Amino acid sequence: MSIDLEKILRPVDMVLPEFPAKYMTLSNGQEMVVRQVNRDEIPDILPHVEKLMHVERDYYHIVAARVYAELLAYYTYRVQDEYVLAAQVDGEIVAVVNGRIVNPDIGMSFHTLSMRRGLRVGAHAFAAKMEYHMDILKQKEVLIVAESPIGFRRWMIEYKLEKRFHIPHELGGCPSWSLTRNLFDNARNTLVVGRRPVPEKLLAKAHDAILPPTDPPKPPEDLLAATRSMLDNTGTSLIDMRRKLGGM
Amino acid sequence: MREVYVAGIGITSFTRLEYPLVEIAAYPGLMALRDSGLKKIDQLYVANMGSGRVNGQTGLASAVVDHLSLTPAGAVTIENGPASGASAIKEGFMAVASGMHDVVMVIGAERMREVNQLEATDFVATLTHPLAEYIYGVTLPSLAGMFARLYMEKYGVTSRHLAMVAVKNHHNAMDNFYAHLHEEITLEGILDSPEASTNNPYVADPLRFYDMCPVSDGGACLILVSADVMKKLNKPMIRLAGIGQATDTHAVHERKDPTYLFAVREAAKKSFAMAGVKPEDVDVAELHDAFTILEIAESEEVGFFKKGEGHIALEKGETKIGGKIPINPSGGLKAKGHPVGATGVGQAHEIVLQLRGEAKKRQVKNAKIGFTCNFGGFGNNVVCLTFIKEK
Ligand SMILES: CC(C)(COP(=O)(O)OP(=O)(O)OC[C@H]1O[C@@H](n2cnc3c(N)ncnc32)[C@H](O)[C@@H]1OP(=O)(O)O)[C@@H](O)C(=O)NCCC(=O)NCCS
């Protein structure tokens with residue numbers, strides 16, 4: 001008798017309702033589509049997340065590393081009841097959010113990663129994720145943590161989340177906070193935006209291809225390297241530069 | 001008094017910089033030395049507002065002069081709130097004009113992002129009146145909000161005018177490599193679309209998110225020299241021709257009419273008088289738009305437009321690059337960024353670039369006279385500079 005080990009290793013997923021795509025106008029006037037991505041689209045997203053693992057600022061490195069692992073786990077059927085939403089502008093991926101369903105009442109928010117800064121795309125994508133838990137899955141609460149100060153500001157402060165410090169979050173790290181149905185309803189008018197249905201052309205463009213981000217967060221500038229190369233084309237040390245300037 | 005020229009300039013990106021404050025200050029200093037061709041200085045002034053509180057470092061100028069291996073030059077740190085930058089330039093000017101020194105380096109540097117945004121806002125709020133303002137929770141955005149409300153009621157300025165300032169300055173910053181924000185914004189996206197109030201929420205009514213400058217790190221440098229030194233350098237002759245400084249009541253509510261920024265008016269008047277020019281002679285200006293309303297108000301107080309008509313000129317496109325008097329071609333504090341102590345030097349850096357004709361895509365054509373307004377406190381300590389390009 002042959003045993004299909006893969007079957008044993010795979011979680012038994014619930015059938016989750018689909019997140020109905022929506023769109024919104026960003027501050028720059030462009031239209032952004034937020035939609036659920038299928039498992040087979042994950043390989044198109046991974047390379048863009050991978051690049052952010054090397055951006056050592058604003059916690060991009062740790063969040064990207066975790067998102068990468070979570071997407072890979074989803075792709076290879078190694079996590080139960082996960083879903084992934086992507087935000088796209090003209091096909092270009094600008095944010096990715098994901099989470100999991102713990103049980104019919106409780107959702108587990110995993111991560112929010114924005115690939116373009118300064119347009120609130122991350123916050124809009126997070127709001128869509130909460131909408132999925134509350135309005136589509138009809139859950140009672142979502143457990144949330146933050147890994148960066150801006151994450152804390154965006155979620156804990158903007159949504160006025162409640163503490164659930166006694167419940168461990170699946171990501172570990174800091175204790176859980178909760179978005180309850182009540183809090184979500186309070187935030188609905190100010191933080192949760194978007195229109196449906198998405199115009200056909202716009203949606204088709206998003207489905208057509210997941211294009212790379214054109215202006216992703218970059219590692220911090222190396223001020224000294226820049227200075228060295230300007231003052232000393234051979235790239236030798238700062239000490240050499242100082243000597244050249246007559247200081248030593 | 002001797003005449004004073006700008007021999008060299010340098011700047012870092014205004015953004016979040018993961019470097020010690022000393023590096024942020026030193027880098028533009030090295031750039032300016034390279035730009036000028038000079039190797040030694042007589043004196044260094046470092047403008048900074050918050051290193052003692054935010055970065056736990058005092059005596060910044062002593063650290064920077066050593067880091068640059070420019071010892072034994074004299075070194076002094078200047079703290080004068082958000083007007084620290086232009087105040088340090090004033091000190092540098094006096095040192096050269098008096099004949100005491102021939103080569104003076106003025107650096108402005110700030111590292112505000114070492115703390116979170118809430119702490120940064122609180123740190124800047126310490127410049128308000130400690131007993132009449134600060135203890136009641138006053139912050140700079142809240143003062144600006146009240147100021148904007150009064151301005152709207154009195155002069156007919158609307159949220160749309162404020163948004164137009166933001167749209168213009170974000171647009172200008174697109175062509176400034178060193179600017180903090182590189183995103184175009186549109187009136188539709190921040191004011192008119194169904195999502196606009198989420199994209200652009202109220203921060204201090206009537207001011208919204210895009211009416212505020214971001215919190216930035218950054219540094220900038222100017223090297224000021226005497227005419228004798230300047231002539232040997234074979235650089236465009238940009239003269240620091242006028243400086244005006246003025247003060248007003250510490251607490252804003254003590255002003256007879258808080259919509260009048262008397263210190264701005266007075267500082268600009270002095271600066272123009274010293275330079276022997278009039279506001280209408282100015283080709284390009286950098287005004288302290290920490291909040292969009294301030295660009296409008298300052299454009300009136302310095303004399304570019306009549307009181308209450310700045311927003312009308314804005315509407316007509318007179319403050320755009322290519323307009324009658326381009327304001328904030330760098331992106332201003334709104335989009336170039338606002339590392340508080342560095343800002344005044346950053347403004348002067350932009351004007352020198354413009355007068356040299358080196359501002360690339362954002363160049364104001366044939367700019368010969370440039371002006372800056374560095375606004376300290378909530379208008380209680382203001383320094384204005386006038387630069388002239390000589391043949
Ligand atoms: C948290 C996160 C998703 C929020 O995304 P978002 O809602 O799109 O918001 P942003 O991060 O773009 O907002 C900050 C940007 O707003 C812009 N901004 C700030 N002040 C501004 C102002 N006054 N005017 C205009 N723009 C401004 C700046 O570009 C700023 O970027 P900076 O910090 O490099 O200066 C995103 O920051 C992110 O992916 N961070 C890394 C991963 C992470 O922390 N995830 C959350 C884990 S809990």
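Everything numeric in this text was worked out from a predicted model, so none of it was measured. Chain letters run A, B, ... following the sequence lines, proteins first and then strands; every chain starts at 1.
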Run the numbers on A:Gln30 and B:Thr186 for side chain to side chain contact (heavy atoms under 4.5 Å, CB included), then give the verdict. CA-CA 9 Å; A:Gln30 288 186 304; B:Thr186 62; over 6 Å; no
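- Salt bridge status for A:Arg188 with A:Glu131: absent, with no side-chain N to carboxylate O gap under 4.0 Å.
- Within the model, atoms CG of A:Leu203 and CG of A:Asp208 stand 11.0 Å from one another, a figure rounded to the nearest 0.5 Å.
- The shortest non-hydrogen separation linking B:Arg111 to B:Val54 is O-CG1, 3.4 Å.
- Between A:Val142 and A:Lys129, the closest side-chain pair of non-hydrogen atoms is not below 4.5 Å.
- With contacts defined as side-chain heavy-atom distances shorter than 4.5 Å, the pair A:Val192/A:Met134 does not qualify.
- A donor-acceptor pair shorter than 3.5 Å can be found between the side chains of B:Glu23 and B:His67.
- Among residue pairs with one or both ends in residues 139-160 of chain A, those qualifying as ring-ring contact (aromatic ring centres under 6.0 Å, His included) are A:Phe126-A:Trp155, A:Phe126-A:Tyr159, A:Phe152-A:Trp177; sequence neighbours excluded.
- Only the side chain of B:Ser193 comes within contact range of chain A, with at least one heavy atom under 4.5 Å from a heavy atom of that chain.
- Scored by the ring-ring contact (aromatic ring centres under 6.0 Å, His included) test, B:His349 finds no partners at all (sequence neighbours excluded).
- Side-chain polar atoms of B:His338 and B:Asp289 form no donor-acceptor pair below 3.5 angstrom.
- Both the sub-6.0 Å distance and the 45° axial angle are satisfied by A:Arg196 relative to the ring of A:Phe19.
- For chain B, the nearby part of A:Thr190 is the backbone; its heavy atoms alone come within less than 4.5 Å.
- Donor-acceptor pairing under 3.5 Å is lacking for the side chains of B:Arg113 and B:Thr15.
- Using a 4.5 Å cut-off between heavy atoms, A:Arg120 touches chain B through its side chain atoms alone.
- When each of B:Glu183, B:His170, B:Glu188, B:Glu184 is checked for heavy-atom pairs under 4.5 Å with chain A, B:Glu183 comes out on top.
- At a 4.5 Å heavy-atom cutoff, B:Leu181 makes no contact with chain A through either its backbone or its side chain.
- Residues of residues 208-223 of chain B having a heavy atom under 4.5 Å from any heavy atom of chain A, listed by number: B:Tyr210.
- Residues of residues 111-119 of chain A lying within less than 4.5 angstrom of chain B, judged on heavy atoms, are A:Arg116, A:Arg117, A:Gly118, A:Leu119 in numerical order.
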